[in-house]
Amino acid sequence: METLFGDLEDIKAGESALFADVILPVPIPKMFTYKIPRNLKEEIGIGFRVIVQFGKKKILTGIIGKVHQKPPSAYEAKPILDVLESHASVNPIQIRFWAWMAEYYCCHIGEVMNAALPSGLKLSSESKIQLNPTFDADTSPYPLDDREALLLQALSNKEEMSYEDCEVVLGIKSIHGIIKSLVIKEAILVFEEVKEKYSPKVESRIRFRTDLAKDKEALEAVFNEVSNKPKQEEILLKYLQEVPVYRNPELNQNGLEKKVLSDAGLSLSSLKTLIKNGILEEFKIIVSRFEDEQGHNEDIVLSPEQEQAQNTIKEAFEEKNTVLLHGITGSGKTELYIKLIQEALEGGSQVLLLLPEIALTTHIVGRLRQVFGSKMGVYHSKYSDNERVEVWNGVLSGKFSFVVGVRSSIFLPFDSLGLVIVDEEHEVSYKQFDPAPRFQARDAAIMLAWLHQAKTLLGSATPSFESFYNARLKKYGYVTLEKRFGDAQLPEFQLADILVDKKKNLLKLDFTRLMREKIQEALKNQEQVLIFQNRRGYAPYISCEECAWIPECEHCDVSLTYHQFGEEMRCHYCGFREKVPQSCRACGSSKLSAVGLGTERIEESLSLLFPEARIARMDLDTTRSKYGYQRLLEDFGSGNVDILVGTQMITKGLDFDKVTVVGIMDADRILYFPDFRAGERAFQQLTQVAGRAGRREKKGTVIIQTRRPEQQIFQQVMSGDYKNFYIQEMGERQRFFYPPFVKMLKITTRHKDFKTAEKAARYLHNLMAEIQVKKILLGPEKGLIGKIKNQFIFESIVKLDKSGNAQAQFKHELQLLIEELQVQKDFRAVRFIVDVDPY
Ligand code: ADP
Ligand code: ZN
Ligand code: ZN
């Protein structure tokens with residue numbers, strides 16, 4: 001592994017590379033070494049996509065990660081078969097980045113490559129067959145059956161056949177058996193043909209024959225020619241109207257979309273005649289999938305506080321690579337970003353702005369678009385493959401020197417990053433849970449910036465403890481913005497005691513009196529309300545009133561969530577659905593009731609409590625479509641909705657003038673979560689959702705419903721006392737050895753059989769115990785959810801000393817152990833998953 005951080009080129013002066021280490025999209029720990037054939041020597045280098053043979057029959061595309069002169073010791077290197085392109089798709093910094101990621105997050109570099117390349121750029125392969133030239137039916141010891149003979153006969157007239165061709169010849173589906181038998185009889189060879197998946201968007205256009213457009217007299221002649229053919233004349237006139245070539249002949253080059261003519265109801269057969277007569281010509285052009293928008297590189301006027309912050313950031317960057325901007329909600333971090341981005345771009349470097357998943361369709365992108373127009377690339381998780389490749393190529397070609405994107409945008413082919421900004425850096429959605437690489441995009445972004453010698457700015461109103469800790473250690477610079485922009489004030493908080501209201505009979509459909517009054521008041525003033533509950537569906541579960549039976553998922557160890565929409569119960573872990581049973585499956589009673597609070601139920605309750613209000617709901621279920629989220633926000637923004645109910649989706653970055661009341665339905669649910677970060681996340685969520693209220697002139701109100709109003713965290717959230725909260729929580733973390741005081745790894749073992757999963761987990765656990773580094777090892781225990789998708793789950797936790805070499809050594813040895821276990825007969829089907837810095 002060390003080599004990955006060394007030189008990617010290891011060649012003596014004056015000599016050319018003899019071997020290439022190729023990154024392959026397969027779960028193997030290393031790069032494989034291939035010979036560079038003499039005829040390709042001049043054409044390839046680091047980052048090129050090449051075709052190689054892997055194993056006996058597999059043909060794979062890989063990327064050259066390193067070139068050198070040392071033959072592999074354990075096997076004979078095969079030659080690279082072909083090179084796919086005339087320029088490198090991936091640059092050396094990216095390859096270093098991938099190598100770092102594989103090492104740090106304990107996965108294979110091929111897995112990183114898989115995550116990094118949009119699938120449009122990864123080639124797909126199609127299996128094909130070929131007659132084996134040495135095969136002779138007469139001397140073969142194996143007789144052929146009818147279908148095999150038929151297929152061989154068809155092949156004898158052709159060089160190759162795809163599986164589909166074979167199916168057509170044989171008139172049947174599923175030909176794998178036949179092919180396999182032919183391979184065994186050595187009659188055919190199977191190989192894979194590699195195909196590019198990306199297809200650019202092509203438009204059919206027309207234009208004047210090029211020499212005509214440049215010659216006014218010739219054009220006159222053409223018009224004389226068609227003067228008695230009105231339909232043709234009409235087309236030419238329409239063309240001139242849309243593309244004034246008289247004024248500027250250059251315009252003819254890009255022509256006119258054919259669609260414009262057909263939309264105008266013009267005759268397509270006349271168009272054909274014009275083309276046939278050589279007056280117009282038809283051509284194809286590659287166009288962008290994104291709309292063209294003009295930006296206005298406006299002069300941002302910062303408030304005095306913002307300007308002060310900007311200067312402090314710049315000063316801090318003189319000494320530190322990373323700066324944490326701790327700015328309260330509404331303090332105007334976005335404007336500051338814009339200013340810094342403008343400056344970086346003017347200085348000639350590239351900029352990446354990372355946003356959490358969902359915030360991408362919101363205000364911030366709209367605002368950035370106003371300033372940067374289509375110079376800004378957007379990399380969205382809901383984009384299609386083709387759209388992603390277009391952004392990728394846009395970065396390569398220099399069209400986009402600024403990209404705003406979700407976590408996977410750290411993999412784009414930047415070659416001269418100057419500034420990386422991670423907005424809402426505390427957000428959990430920066431962590432990729434599955435599949436590998438299980439990376440934290442914020443942390444990876446800091447590494448990426450370091451590789452580019454660039455600076456990183458982390459922005460948040462509620463920094464992650466990791467970042468704040470680093471700021472206090474002075475590893476990061478630290479800058480604050482403590483005032484909301486303009487005259488906006490922070491909202492006022494009020495606690496509403498659920499149990500007290502219940503006792504006094506004031507709790508109606510889960511709403512306390514205070515909450516109802518505040519909502520009513522806002523509605524009366526034509527203001528808007530946000531209601532937060534971090535649970536989708538109608539109710540977390542259904543329960544039998546007689547015997548307490550609860551319906552559970554067949555495939556996972558969890559209760560099914562009741563969704564009123566569709567009258568069904570769903571598993572939020574595997575997607576399993578079933579109709580709500582009529583009666584209890586344990587005792588037969590028909591008294592089944594929905595227990596607990598989901599967003600669907602709150603929406604229903606609100607419509608009963610406030611029948612005149614317009615209510616909408618925003619959660620995973622209502623925002624699945626590509627523009628679902630955006631549409632809901634537009635509705636809310638334009639005032640068509642009075643009350644918006646939602647999950648954590650509504651806590652992120654919303655900036656609406658008329659929101660004056662924010663209600664948190666069940667704060668206790670946020671607080672009691674079995675995770676060492678529960679307190680930190682509760683503080684963040686409460687502060688963020690509260691931060692949506694009163695962002696303009698009028699002061700907002702936040703109502704927190706709870707059963708235990710005496711808890712200290714409420715006082716700390718209300719007074720914005722992040723620091724004291726931090727100090728207190730960090731005391732706990734230090735005492736009980738939690739991050740950031742230790743490096744934590746979670747090792748998960750999964751198998752469909754309980755016993756095997758447990759055995760494998762214990763086996764690995766005992767081996768880990770023997771690794772000679774200072775550590776705390778916990779487990780293995782049944783996972784918090786013991787079974788997901790029919791796989792039983794065991795977990796071990798490792799806590800490592802952060803100083804010195806313990807981490808690297810432990811990870812390295814752990815990888816080797818897993819490799820060893822994975823080939824043992826008993827454990828071959830077991831999945832061992834390593835999660836570094838788990839959540
Ligand atoms: P944050 O991201 O810190 O919560 P925003 O960047 O969304 O805050 O800013 C809050 C509001 O104040 C936005 O509507 C923004 O347009 C406005 N704003 C902030 N700074 C300025 C500025 N310098 N000039 C004009 N408007 C500003
Ligand atoms: Zn029952
Ligand atoms: Zn399930």
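Note that ligands are numbered from 1 as they come in the structure, with each ligand's atoms numbered from 1 the same way. Keep in mind it's a predicted model, so treat the numbers as computed, not measured.
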List every atom of ligand 1 that sits less than 4.0 Å from any heavy atom of [X], numbering the atoms from 1 in the order shown and giving each element.
| X | value |
| --- | --- |
| T329 | 4 (O) |
| I328 | 3 (O) |
| V301 | 22 (C), 23 (N), 24 (N) |
| R696 | 14 (O) |

Side-chain donor-acceptor contacts of residues 534-549 below 3.5 Å, not counting sequence neighbours, with atom names and distances?
unit_1	atom_1	unit_2	atom_2	d
N534	OD1	Q648	N	3.2
R536	NH1	D621	OD1	2.9
Y538	OH	E604	OE1	2.6
E545	OE2	S593	OG	3.3

Answer with side chain, backbone, both or neither: which part of Q306 has a heavy atom less than 4.0 angstrom from an atom of ligand 1?
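Answer for Q306: side chain.
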Does ligand 1 have a heavy atom under 4.0 Å from the side chain of R484, from its backbone, from both, or from neither?
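For R484, there is no contact with ligand 1 at all, from either part.
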Taking the six-membered ring of Y839, is the NZ or CZ of R677 close enough (under 6.0 Å from the centre) and on axis enough (within 45°)?
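Verdict for Y839: a cation-pi partner in R677.
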If hydrogens are left out, which of F656, Y337, F485 has an atom nearest to atom 22 (C) of ligand 1, that is, the closest non-hydrogen atom?
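When every heavy atom of F656, Y337, F485 is considered, F485 comes closest to atom 22 (C) of ligand 1.
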Could you please compute the angle at the Zn ion (ligand 3) from SG of C571 to SG of C553, rounded to 10°?
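Rounding to the nearest 10 degrees gives 110°.
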Ignoring angles and geometry beyond distance, decide whether G327 reaches within less than 3.5 Å of ligand 1 through its nitrogen or oxygen atoms.
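Min N/O separation from ligand 1 is not below 3.5 Å for G327.
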With 2.8 Å as the limit, count the protein N, O or S atoms near the Zn ion (ligand 2).
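For the Zn ion (ligand 2), protein nitrogen, oxygen or sulfur atoms under 2.8 Å: 4.
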